[in-house]
Structures are given as structure tokens and as C-alpha cells.
Amino acid sequence: MRILFMGTSEFAVPALKELIAHKFELIGVVTQPDRPSGRGKRLTPSPVKGVATAHTIQVYQPEKARNPDFVRTVKRLAPDVIVVAAFGQILPQTILDIPPCGTINLHPSLLPRYRGAAPIQWALINGETETGVTLMLLDAGEDTGDIISADRVPIRDEDTAFTLTRQLAQLGANQLVRCLSNMPIGEPPFAVPQNDAEATHAPRLTKEIGRIDWNQPAIAIHNLVRGTAIWPGAYTFFREKLRLKIVRCQSLPQELDRRPGTLEIAERQKLLVATAEGTLQLLEIQPATKKSMEAHDFINGYQLQTGEFFNY
RNA sequence: CGCAGGGUAGAGCAGCCAGGUAGCUCGUCGGGCUCAUAACCCGGAGGACGGGGGUUCAAAUCCCCCCCCUGCAA
């Protein structure tokens, strides 16, 4: 079975690796073009490209998937099935029509919930206690295609976008291998339509979403920290201009009886912040321009005093 | 040539602009106080200030080159 893989980010890597490990016939890998990235704007290949080239698989990097040249290329490759995972571009119907077995997409949520670009992040931000990864047939809509299968996983309190992404990526990869191993010949796998009435949307995060509002309950802020961990991070401002990213924290039920955003140092080493409801204990902090550090070191190095506050 | 901050005791920071015996908080070691302590008091160890050159009577501080770290941006 001729498989064309399309993916870009870290989430797609386990899927590609599993396909390689199980010796599926990969006729090519499509990924986003190398982008200027990182300090100094060096041209950087996507994580998926790194894996593909390491296994000497042909790589295609169209600027636009709907580009006629690229569509012709896909036709020429004549894939039986296209597998998509975190590719980052909308595929035009002209491409979806090509593979006789359909285009299979790996989506890290329990569809129809959390359709869109940032399902893992929003599930965490919303404080969900369960999520999953869904295998579906891509259609013209955004994550609206028929569902092939889904795996559920509980979200633990210590989960962040990092841990969940890693976990769901691996689960999804296994699920994909299972599906491809049982594929019918010459036609798409069995799938059932989504219930659109239950659909919710998980749009791409923006930098502004990471800005902490201390007038929110401690639990909500803690969830924001977990959900934005990969990017943009949950941040606030200290002593007027210093941007601080909260890397790790914990929400406590106790009330500080201070204005939200006010700091309190407890037992010489605990960094507490008053919120609208409950208290947030900061465990790990990263001031802009510094490496992330323990709250304890932050208190010592910056000579923190109870009563100081965060601007927001 | 994208913008910007930084590398000073085990950790986090100050000192650098206006060169002249290296400082703060924490940790650590020893002693004391205490029923006891992560609390408090006293004392000690630990740093050729990222690397290399230069200027100077004198460089953590001024000049040049290199290495490394980080935030933003993408």
C-alpha cells in the first residue's frame, strides 16, 4: 500500500516513526518549507523533515498545498492513502480526491470536541479531565470528517501541553498503525459521521492568551499555565517592566486576603500570589532573558518582599 | 547580517556608566539557643569576576576578538 505522509510539527513525529518501524511503504513525506526560525533567523527544517531525511525518504515542501504543481506531484505519486498529522495547511479537495483509500487525519482531541489548531492546549486551559486522539477521514471542513476510531486518555493534574502532546502523539501513532494494518483494499476504512451539534472549536493560540489575569481563580490560572506551556507561556509583569513566565505552579484553596496579583512570601521560601479565588503558589519562574529558576532562587536573587505585586 | 538582555562563590542577584583590597540573599560546614525546629544568634569555608588580546602604576569595571546562555520576533 502506497502511503504519502503529510506532517510538520513534533506531534507528527511518532506517527511517521511508527510507520517507518512497521515497514509501511512510504512513498514520500510532505512538510512545510524550512522557515527562518530561532535567534538569528536561521533556516530551520521541520521536525518531520528531520526524521524523513534521516531515513532517506523523499521530502516535498510545497509553499501552498493547493499549488497546481504540487497537486500534479501528488497525482503522479499515486498514493493509495494519504496520512496527515499536524501538517499545518488546509488540503484542497483536488488532493483529497486523489487517494482511493482516502486521507486519514490524526487529531489530538475527542472529536467533535476541540476541532481546530490547538485542541490539546484548549482542553488544558478549560480544565478538562479527559481528552484523547481521534483518527478520521479528512473532508473539506476543518476536522469535520467521519471518525474511524478514537482513544481516550485522562488528563492528570500534572499534565501540561508538553506531556499531553507527547502522550497523544504516541497513542495516535499506535492507532494509526492499527488502522493501516487492517485497511480494506481500494476503499476508505469504515467511519461514522460526527455529531456536529456537539462540536467545539480550538483556535490557534495567540500571545495575548498567555497573559495572566490575576482576577481569575487560581485554578484557571494554573490551567492556563499548563495549556500554554509550549507556547506562548503564561506570563505577567513584575516591577513595572520585567516580563515573567510562570513555568510551574500549584493552586491552593487557602485565601490570602490581599488584592489579586499581590505576592506573599511564606515560610521564607514559598512564593504565593493572591487571585480572585484561592492562591497560586509559584514553583518555577522564568524572567525574560534568564533561564527558568525555582521560586526559591527568584525570592533570594531579587530580594522579594511580601506585598509586592504583579502588573497585568 | 532580525531586535534585545546576560555569563561575578553550590544557587539566584548587586558591583561595571564616573578603574584602586569582590558584596547581598539562600545553601553549606562548625558552634550556640531551644522540649524541638525548616525558626533565631555567633563564627567559618568557598570566587584568579566565560575565554583571549589591548590600554593603564592599577581592569569584574575601559577598548577589540571569540565562545556560551536567554527573552522577543518568525
Side-chain angles (χ1 to χ4, degrees), chain A residues 6-13 30-50 59 61-65 67 86-90 116-118 120-121 160-162 165 203-214 221 224-250 252 254 256 261-273 279-312:
Chain A
M6 306 178 73
T8 299
S9 70
E10 210 56 58
F11 175 77
V13 167
V30 184
T31 193
Q32 301 250 19
D34 297 4
R35 306 284 189 200
S37 161
R39 230 166 282 133
K41 81 159 197 181
R42 293 176 302 277
L43 223 48
T44 308
S46 74
V48 163
K49 182 179 180 181
V59 173
Q61 298 180 277
E63 195 59 51
K64 307 265 188 189
N67 181 315
F87 176 51
Q89 282 192 43
I90 303 291
I120 298 173
Q121 290 87 331
T160 68
F162 282 108
T165 296
R204 184 170 294 287
L205 297 186
T206 64
K207 186 187 176 80
E208 187 53 34
I209 289 170
R211 187 192 191 94
I212 294 173
D213 176 3
W214 295 103
I221 299 171
L224 182 70
V225 168
R226 299 196 295 150
T228 59
I230 294 177
W231 188 89
Y235 57 91
T236 189
F237 297 90
F238 180 62
R239 290 179 184 168
E240 296 307 320
K241 51 193 167 189
L242 181 62
R243 188 174 183 275
L244 272 189
K245 191 179 288 184
I246 310 303
V247 179
R248 205 156 47 82
C249 62
Q250 174 176 21
L252 306 173
Q254 73 187 77
L256 284 186
T262 308
L263 304 182
E264 180 168 316
I265 298 166
E267 299 163 45
R268 250 12 191 162
Q269 53 166 356
K270 292 185 179 174
L271 184 50
L272 309 178
V273 189
T279 298
L280 198 69
Q281 178 179 1
L282 308 187
L283 300 172
E284 197 174 335
I285 305 290
Q286 182 173 30
T289 254
K290 297 290 184 182
K291 287 183 182 171
S292 103
M293 65 182 76
E294 303 285 318
H296 173 253
D297 291 323
F298 183 64
I299 292 170
N300 286 322
Y302 290 75
Q303 308 274 292
L304 286 207
Q305 303 295 324
T306 288
E308 292 200 75
F309 54 88
F310 289 133
N311 309 294
Y312 54 100

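Every chain is numbered from 1, with letters handed out A, B, ... down the list of sequences.
In this view, A/Gln269 satisfies the side-chain hydrogen bond (donor to acceptor under 3.5 Å, both in side chains) rule with no residue, not counting sequence neighbours. For A/Lys49, the side-chain contact (heavy atoms from CB on, under 4.5 Å) partners two or more places apart in sequence, or in a different chain, are A/Thr31, A/Asp34, A/Pro45, A/Ser46, A/Thr53, A/Val59, A/Gln61. With sequence neighbours excluded, no residue forms a salt bridge (Lys or Arg N to Asp or Glu O under 4.0 Å) with A/Lys41. Scanning for side-chain contact (heavy atoms from CB on, under 4.5 Å) contacts around A/Ser292 gives A/Val247, A/Glu284, A/Gln286, with sequence neighbours left out. Not a single salt bridge (Lys or Arg N to Asp or Glu O under 4.0 Å) links A/Arg268 to another residue, sequence neighbours left out. With sequence neighbours left out, A/Glu208 forms a salt bridge (Lys or Arg N to Asp or Glu O under 4.0 Å) with no residue at all. Every side-chain hydrogen bond (donor to acceptor under 3.5 Å, both in side chains) that A/Glu264 has, sequence neighbours left out, goes to A/Arg258. In terms of the side-chain contact (heavy atoms from CB on, under 4.5 Å) criterion, residue partners of A/Ile230 (sequence neighbours excluded) are, by chain and number, A/Ala161, A/Phe162, A/Thr165.
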Notebook entry, point to check: Could you write nucleotides 69-74 of chain B as a row of B, S and -, 5' to 3', where a protein heavy atom under 4.0 Å of any base atom gives B, of only sugar-phosphate atoms gives S, and otherwise -?
Noted result: SBBBBB

Next item on the list: Give the B/S/- string for nucleotides 34-40 of chain B, one per nucleotide from 5' to 3', where a protein heavy atom under 4.0 Å of the base yields B, of only the sugar-phosphate yields S, and otherwise -.
Entry: -------

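Checking B/rG19 for Watson-Crick or G-U wobble geometry (two distances, each under 3.5 Å) identifies no partner in any strand. Pairing partner, B/rU34: none, since no Watson-Crick or wobble contact has both distances short of 3.5 Å. Across all strands shown, nothing is found opposite B/rU61 as a Watson-Crick or G-U wobble partner with both distances under 3.5 Å.
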Can you give me the N/O atom pairs linking the protein to nucleotides 43-46 of chain B at distances under 3.5 Å, or say none if there are none?
none

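With a glycosidic angle further than 90° from 0, B/rA18 counts as anti.
Ring-plane geometry between A/Tyr302 and A/Phe298 is classed as tilted, the angle between the planes lying from 30 to 60 degrees on a 0 to 90 degree scale. Classified by interplanar angle (parallel below 30°, tilted 30° to 60°, perpendicular above 60°), the ring pair A/Phe310/A/Phe238 is perpendicular.
When atom types are taken as modelled, the side chain of A/Thr160 and the backbone of A/Arg226 share no donor-acceptor pair closer than 3.5 angstrom. Using a distance-only test at 3.5 Å, with no hydrogens or angles considered, a donor-acceptor pair links the side chain of A/Thr228 to the main chain of A/Ala234.
For RNA chain B, none of the residues of residues 304-311 of chain A falls under the heavy-atom distance limit of 4.0 Å.
Atom CG of A/Leu242 is separated from atom P of B/rA4 by 18 Å (rounded to the nearest Å). Distance, A/Gln303 CD to B/rC26 C1': 10 Å, rounded to whole Å. Taking atom CZ on A/Phe298 and atom C1' on B/rG12, their separation rounds to 10 Å, with Å as the unit. For the pair A/Tyr302 OH and B/rG12 C1', the interatomic distance rounds to 8 Å; values are reported in whole Å. The separation between A/Ile265 atom CD1 and B/rG12 atom P is 18 Å, rounded to whole Å. Between A/Phe238 atom CZ and B/rC13 atom P the separation is 12 Å, expressed in whole Å. Following rounding to the nearest Å, A/Asp297 (CG) and B/rA14 (P) show an atom-to-atom distance of 14 Å. Distance A/Met293 CE to B/rG12 P: 7 Å, rounded to the nearest Å.
Note that CG of A/Leu283 and NZ of A/Lys270 are 10.0 Å apart. Values are rounded to the nearest 0.5 Å.
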Checklist line | Full working for side chain to side chain contact (heavy atoms under 4.5 Å, CB included) between A/Glu63 and A/Gln89 | finding: CA-CA 10 Å; A/Glu63 195 59 51; A/Gln89 282 192 43; over 6 Å; no

